[in-house]
Each structure stands twice: as structure tokens, then as C-alpha cells.
Amino acid sequence: MKLLTQVLTDKVSAAFESCGYSAHLGQVTVSDRADLCQFQCNGSFAAAKLYKKAPAVIAKEIIEILSKDSDFSKVEFANPGFINLSLTDEALVRFVSQVMTDEHLGIPQAQSPQTILVDYGGPNVAKPLHIGHLRSAIIGESLKRLAKATGRNVISDVHLGDWGLQMGLVIAELEERNPGWPCFSADYDKNKDQLPSFTAEELNEIYPFASAKSKQDADFKAKAKSITAALQKGHPGYYALWEEIIRISTADMKRHYQRLNVDFDYWYGESDSEKYVDRLLEILKSKNLLEESEGALVVQVAEETDKNPCPPVIIKKSDDSNIYATTDLATIIQRQQDFAPQNYWYVVDNRQSLHFIQVFRCARKAELVPEDTTLEHLGFGTMNGSDGKPYKTRDGGVMQLGDFIQTVYEAAFERVGQSEFSDKEKQAEIAEKIAVATIKFGDLINHRAKDYIFDMDKFLASEGKTGSFLLYTIARINSILRKAEFDGFQPQDLAVFTDSDRDTALKIALSGEAFQMAFAERAPNYICENAYQIASAFSKFYHDNHILTEKDETKRRAWLSLCVSVKIMLEKHLDILGIEPVELM
Ligand code: ARG
């Protein structure tokens, strides 16, 4: 269905046209002055320039026509040429009923079939998931859900970091600690020899240890490098061990992701691109793009207009190994072959922006994707601690994702414990959902490109722009509906009587705009903001009126229907944000 501002734009455009002006001047937006009117059109100013007339003259001509439209309760001139508009309550409520009956709840749908590949998460095998991976998971999951809700076909791929030097480091350290493992012997036989057993915790401990060691011990580093190369060439023992490391490590990752309601269609890794590297080299060669530079093979991607230097992309290092860019380029070949998406979305830290500029330029030069396929790096800022530096553990170490979620969970649990629920299990369940809502909403309310400070008290508060406030609003509505024993929701029963129910209805009516904006900018913060707007309008409505004790049955039904509409709409917002509501709180 059409957006409300579009419905109004159509009316005002028709008015401009009937006065002999161009229809495009009739653009209607939400009012900047909610105290004066609901909507406004500023087209008279552009018209004044085009048609050499005073804006006031034009605005008054348009107003004359719009005044005949019975959907408007207000069509007003404001100096020096604004057109202020408000809908009648009937027209507003009619629109809200249509939204509530629409199977997409008014979310604008894609006009043509389209496939988007979302590359997000990007954890690294055998390295503990750290806070830096949190934002990619949270934002990517939400963008994926948003794209689906707008009728797009979406494919998600975690793009596991499973192929670089970190694997060689871990294997080298495992070998030093357990030289007797059969996988390290020359005559290792996959069908006969057993694989050693170890845990994700052990791997998480080994990686930082091996990484630090490689910085001091050149022999160890050389060994890790040669293991990496051997692994990439298919050394049977290393390969079998590597597969086992992946199995253990991804099982651990999935546990964390599940806790955050994050999931992927594909768990491909950088290693899966290996079989496309030859094809990549062939293409680059055939297009004369490969150059030799200090023993390495590179592609020049600098452009004349570059303000900052853009170094060439290294495809093969001098030791013949593939690097990060190689795997990303080869992966594009795989994705074209398997999915041929129209859009690629890479939800990755802003700090990798140069990498993506290089990769995208190289992909374009090599024509790995059709010209009209978009390659988008949807970068994000850093989650900082109160000192403005990347969030750390109390003793200054790298915060692991599991520990972070657990810390927020414990704080949430403490608050739930102070409430009226005595049932410990129920408390834990609610605290878990509050914790996830706190983390996710606190992140997504910020435009993804910006850094933000994680502030536990502020983020957990039950008032303000927080996940708790939204969960609380829904729980409160559940309780009203229970007490009222109301179950027969009929969108046509909706009606408004006061300023606060009208405002609530208006906020619901404008949700489509928020979803549209979020999609256009690939930025879920618009959804968070709109959810907050609905919830806070509802909160005022709830405080200003006595819904449950209302004597007038039509009014009572209308208000309870508004409660249901708010609940359905908020749940839709939360679902797209990847946040689960709670029944009671
Ligand atoms: N594993 C990478 C990292 O931790 C992120 C991967 C992002 N995705 C991509 N296609 N490069 O930095």
C-alpha cells in the first residue's frame, strides 16, 4: 500500500497540476511544527522561482482547491508561502485501519523481484568472538530482516575468517603442545587415525597466546606461516585438524549468535573461495589487469580523482599465498555463480573501508558483476566504553562477546529480581530478553556509521530510548488487554477522541515512512526512533485516559483497538530489529 505522505502528495500534486503548475511541486512531508499541523507542503517556494510569482499567491491558489477535500480538517496558509495540512480524524483512522489490515502493515514493498546478498558477522575461527563482531551481527541481522520485510529475496552469509595466518598460529601452537598427535605425523591417515579432542575455550586461550608468541619468536612465526601455506595446499593432517577446529569453533559461535537472535543461511568461509582463485587469476590475466610488483601480483585501482592514495590490490603475495582481498574477490565469483544478487551488502567495520574500495574497484575492472549490480560497504562505527575508547574488560583486556552479554544479563536479572515475580525461572527468561533488547536497541538507535558509548545504566533504563521501554510498553498493553478480556480486534473499530490517541494513531500511520527511510539508507535507527515515537505517544495516551474504566462502549472498544494496533506495530518494529518482546515485565 501507499505511504501516507504519498497519498497526500498525490492530492497536493493534483492541486498544483490543476492550477497549471508542475505536479512535482506537491511533495508533502511530516510537519516540522507538530503543534501547528500534521503535514506540510513547501512547493510554493520552488514554484515561485519557476513561474515568477509570489509564493503566497501560489500557496493560496492551492489551498483554495485543497479546502474542498473532505479528508483535511486543516488547510492553512502560513507566511510566507507554506501550506499546512491536517487530516480529519476519520481520514487518519481510515488510513490506520488500512495499515492494520495490510499483510505488510504498510511497509512499502519492492516493485520488482530483487536479491540482496548480506555479508555480515564475519567472525574468525579459533579467535574468540569479541565485541567488534557484535555490531556486524546486530546491524546485519536487522538489515537482513528489513530487506525481507520489504519483499526482497535475501541471502545471508557469515563469511567466516577461516583461512588466514591465525589458523597457522593455532595449529603451530597445538603442535608445540601436543607433538604426539597423529595429525602431525607424516603418515597421518584420515580413515585410521583419530582426531584429538579439545574445547572452544582451549582454542580461545591458544590464539592470543600464539599470536603474542609469534611477535617475539621469529622461528615460531615462520613455522606458523609455513603451516598456513601447507594447510592451504591441502596437507592431510593439518587439514583434518583444521576441519575439527572449525567444527568446534563454529558450534561455539552459533551459541552466541543464537542468544542474539542472529542466524545465517550460509556458513561459508574464506576457505570456500579457494576453488575460485584460479578463475579469478584467469579473468584478471585475460583483462590485462595483473601486474608484478616486488614479486607479488597486484591490480592497480587508483583513480585520478582520489584525494587519498589508493594502493594496488594484492592478489598473490610473493610467497604465493592468497590474502584477504583475494578471498573477497574470489567469493564474488562464487556468489555470482550461485546467487547472482542485484545487491551486495557488506556489513563490516568502517575501518575496513579502504579494503572495500580496493576490492570493489578491482571487481568492477574485472567485470566480476554486471554493471547495474551494486557493491555496498555498509560500514559501522565502534562501540566505546565511557572513556570514549573501544569497550574493554575492567582490567583493560579485550572484552569477549559471551562475557559482555553475560554482564548485561546479570544487570538485567538484578532489576527483574526487584520486581514482583518470585519465579526464578521466569525472572531468568525475562532478564535474558531484556538483556538482548538492551544491547541491540542501544546499538541500533545510533546511526550505524557513528561510534557510540555503551552505558549500562542508561541503556537498561525503563524510560527513554531503550529496549526496556519498548518491551515494557508491550507488556503493559498485554496487561491492559488481559484485564479488559479483550480479544476481538477489528481494525474498523478504531477511532480517536483526544489529542493523545490521535497522536498515537498518527505515529502508527507514519511507520511506513520510517521503514522506507531505513531501507533507503540501510540504517535501522529510523525503525528504532519510530518505535520509540509510537511507544512514547502511547504512554501519554495511557496516562491521559482511563481505558479500562471507560463507560462509553464505542470509545472503550476504539481505545482497546488502538492498544492492539500499537502492540502489533511495535512487535513488527522489534521483529525487524531482531528483538523479542516479553509477555509481562
Ligand atoms: N573476518 C573479518 C574480520 O574479522 C571480517 C569479514 C568481513 N567480510 C568480508 N567479506 N570481508 O575483520
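Numbering of ligands and ligand atoms starts at 1, following listing order. As a basis for the values below, the full set of heavy atoms in this structure was taken, side chains included, without hydrogen atoms, waters or symmetry mates. Residue numbers start at 1 and run along the sequence shown.
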Colleague: Classify the contact between Phe356 and ligand 1 as side chain, backbone, both or neither, using a heavy-atom distance cut-off of under 4.0 Å.
Modeller: side chain
Colleague: Specify the protein heavy atom at minimum distance from atom 4 (O) of ligand 1: its residue, its atom name, and the distance to 0.1 Å.
Modeller: Asn124 ND2, 3.0 Å
Colleague: With a 3.5 Å distance limit and no angle check, can you tell me whether Trp242 reaches the backbone of Trp163 through a side-chain donor-acceptor pair?
Modeller: no
Colleague: Does any N or O of ligand 1 fall below 3.5 Å from an N or O anywhere on His355, backbone included?
Modeller: no
Colleague: I'd like to check which ligand 1 atoms, numbered from 1 as shown, lie under 4.0 Å from a non-hydrogen atom of His159.
Modeller: 8 (N), 9 (C), 10 (N)
Colleague: For ligand 1, which atoms sit closer than 4.0 Å to a heavy atom of Tyr346?
Modeller: 10 (N)
Colleague: For atom 8 (N) of ligand 1, find the nearest protein heavy atom and state the residue, atom name and distance (0.1 Å precision).
Modeller: Asp119 OD1, 3.2 Å
Colleague: Heavy-atom contacts under 4.0 Å between Asp349 and ligand 1: side chain, backbone, both, or neither?
Modeller: neither
Colleague: If you measure only the distance, is there a donor-acceptor pair under 3.5 Å linking the side chains of Tyr344 and Gln336?
Modeller: yes
Colleague: Under 3.5 Å, N or O to N or O, is His133 touching ligand 1 that way?
Modeller: yes
Colleague: How far is atom 6 (C) of ligand 1 from its nearest protein heavy atom, and which residue and atom is that?
Modeller: Tyr324 OH, 3.3 Å
Colleague: Using the side chain to side chain contact (heavy atoms under 4.5 Å, CB included) rule, pick out the option among Thr327, Asn322, Ile332, Leu329 that qualifies with Leu280.
Modeller: Leu329
Colleague: Quick check: does any side chain N or O of Ser273 sit under 3.5 Å from a backbone N or O of Glu270, one acting as donor and the other as acceptor?
Modeller: yes
Colleague: So, Arg415 and Asp457, do they make that salt bridge, N to O below 4.0 Å?
Modeller: yes
Colleague: With a distance cut-off below 6.0 Å to the six-membered ring centre and an angular limit of 45° from the axis, does Arg152 pair with Phe519 as a cation-pi contact?
Modeller: yes
Colleague: Regarding Gln300 and Glu291, is there a side-chain donor-to-acceptor distance under 3.5 Å anywhere?
Modeller: yes
Colleague: Give me the residue, atom name and distance of the protein heavy atom closest to atom 12 (O) of ligand 1.
Modeller: Gln352 NE2, 2.8 Å
Colleague: Can you confirm if the aromatic rings of Phe264 and Tyr120 lie within a centre distance of less than 6.0 Å?
Modeller: yes
Colleague: Any N or O of Asp328 that comes nearer than 3.5 Å to an N or O of ligand 1?
Modeller: yes
Colleague: Which of the atoms in ligand 1, numbered in the order shown and given with their element, are less than 4.0 Å from a heavy-atom of Val348?
Modeller: 7 (C), 8 (N)
Colleague: May I ask you to check whether Tyr266 and His159 place their ring centers less than 6.0 Å from one another?
Modeller: no
Colleague: Does any N or O atom in Gly122 lie less than 3.5 angstrom from one in ligand 1, N or O only?
Modeller: yes
